[in-house]
Engineer: 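Structure incoming, see below.
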Amino acid sequence: MASALTPQAEDFPRWYQDVVAKAEMADNGPVRGTMVIRPYGYAIWERMQAEIDVRIKEAGAENAYFPLFIPESYLAREAQHVEGFSPELAVVTHAGGEALAEPVVVRPTSETVFGEFMAKWIQSYRDLPLLLNQWANVVRWELRPRLFLRSSEFLWQEGHTAHDSYEDASAYVNGIHTNVYNDFLEKVLAMPTYLGIKPPSERFAGAINTMTCEGMMQDGKALQMATSHELGQNFAKAFDIKFQNKEGQSALCWTTSWGSSTRLVGGLIMAHGDDNGLIVPPHLAPTQVVVIAVREDDEVIAACNKIAAGLKSAGVRVRIDNGGASFGRRVTDWEIKGVPIRVEVGPRDLAEGVVALVRRDTSEKVSISPDAVATSVPGILEQMQSQMYEAQLARRNANTHDVKSIDEAMQAAQTGFARLDWDLVGSAGEARLKTDAITVRCLQRRDGSMPVTDTEKDLICIVAKSY
RNA sequence: CGGGAAGUAGCGCAGCUUGGUUAGCGCGCCUGGUUUGGGACCAGGAGGCCGGGGGUUCGAAUCCCCCCUUCCCGACCA
């Protein structure tokens, strides 16, 4: 059988593009860097949205929607923010057939508009904390676009909150980072991450602290899967977000922002995929089980329908493949799409009172009675989910090397991550690493936990090449 | 935005060096039939202003100039 995809070992970037195309996830749009997300890619994104959204609501934030267009002057109010984003802004100068009095920018992120309205809505400490989130599209005119990983327009959620103290803001955004993002990544995406804070050089424009979840792709490069920022009082000052405290005095709010995007889909592909295509973790999969009729017999199809109905009532996301193409072709197509479990129903097996059940990640194939499918599958899905996580953890750990010098770090970063004392790096070390496109992905405490600030003593750092 | 590679049918490519009738091949697609237990087979068929715009020429997929897009390596970044 000829391989449908370029093997990973031969050309990883090419393999990635092949998966995106052959799994029918996305196409390039007509404008440079834009992306058409196809139904299967969008179904995966919708599952991500659902899982993240429920966690965001659990954390007490409410969804709202803010406008796509932002007055150019808003961006300018926070010096670092405007400096950070100016190069990648799409600016509308004409509309309605004439030049606009003030150009409007297409949002690259919405701290500024949220800030403007938070200032309007917050009067008293009783209005705090104000916990908002929106699901939206944003535009950043990036120089080197790649489907899902860096498109000019992408979909994401951005949370924006305002608090009455540094401590409350910090605790809240830490909670988001851990209980929303990291929990989603571990339990749903089956991806271990390095949680940490960014060194000052990598901080979000306008933040006093930026947290990250760094995932390791199969080529050993890092991908920032989600990010959360403590904005201090920078945006509160710029947008006059004030409240009256219990003592009757006016005080500035402390704000946060946090986001995760369609980049997660790229991370999913590059963390879990193999030479046969995507492998979607069961908790995420839009289709967890596909029941395949080996041939289009009435008897076979009836058996498929019965099995699918049983799975559905067991709470499994299932679909039926009744034919059209040859059996082998259909199997290959479902493999490329990474559906966790295939149930293959054929007349020979049926005559013996069994069907075949195949796991996508291990290719392990077992014969079981059709009646046992609905009771067995949920357990297998759970097992597969945790084994996929364990496999990722093992791979990540095996490719993370503790080193004692910049030279060794640069060596290790050719194929994976390096971990070393932050004191050994510093801004001079960062400059050296950068000569080989290596960056400090995050700072951690020695036990792997997240520091509160980069000024803590005795920190370590994870360095790697990244997307 | 710098360096490299490339744009010819939906996808992958040949043709270009040395300009010359109706631009080919494989896969995919359509029709009919046989099939379906790991990318099926036979027969017939549809589908191209050769990325766009300018030139040179009697004549351009082919030579020259400009632009656009895609991919890779960087810089920028979720």
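All chains are named by letter (A, B, ...) in the order of the sequence lines, taking the proteins before the strands, and each is independently numbered beginning at 1.
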Engineer: Between A78(B) atom C1' and His177(A) atom NE2, what is the distance in whole Å?
Structural biologist: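 Roughly 13 Å, once rounded to whole Å.
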Engineer: Whether Glu51(A) and Arg55(A) form a salt bridge (side-chain N of Lys/Arg under 4.0 Å from carboxylate O of Asp/Glu) is what I want to check.
Structural biologist: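 Salt bridge flag = yes for Glu51(A) with Arg55(A).
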Engineer: Tell me which nucleotide, if any, is Watson-Crick or G-U wobble paired with A5(B) when both distances must be under 3.5 Å.
Structural biologist: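 Partner of A5(B): U70(B).
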Engineer: Phe117(A) and Phe239(A): aromatic ring centres closer than 6.0 Å?
Structural biologist: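 No; Phe239(A) has its ring centre 6.0 Å or more from that of Phe117(A).
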Engineer: Answer yes or no as to whether G37(B) has its base stacked against Phe327(A), where stacking requires a ring-centre separation under 5.5 angstrom and planes under 30 degrees apart.
Structural biologist: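 Stacking between Phe327(A) and G37(B): absent.
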Engineer: Salt bridge check, Glu430(A) against Lys434(A): does any charged N sit closer than 4.0 Å to a carboxylate O?
Structural biologist: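 Salt bridge: no.
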Engineer: The side chain of Arg14(A) lies closest to which of these nucleotides: C77(B), G12(B), G38(B)?
Structural biologist: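 That would be G12(B).
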Engineer: Does C25(B) have a Watson-Crick or wobble mate here (both distances under 3.5 Å), and if so which one?
Structural biologist: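 The answer is G12(B), by the H-bond criterion.
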Engineer: Could you identify the nucleotide paired to G44(B), looking across every strand shown and requiring Watson-Crick or G-U wobble geometry with both distances under 3.5 Å?
Structural biologist: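 Paired with C30(B).
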Engineer: Considering every strand shown, what is the Watson-Crick or G-U wobble mate of C63(B) when both distances are under 3.5 Å?
Structural biologist: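 C63(B) is paired with G55(B).
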Engineer: Whole angstrom is fine here: how far is it from CZ in Arg146(A) over to P in U69(B)?
Structural biologist: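 In whole Å, U69(B) P lies 18 Å from Arg146(A) CZ.
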Engineer: Quick check: on RNA chain B, is the nucleotide nearest Pro13(A) upstream (toward 5') of the one nearest Glu202(A), or the reverse? Name the residue that is more 5'.
Structural biologist: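 The residue closer to the strand's 5' end, by nearest nucleotide, is Pro13(A).
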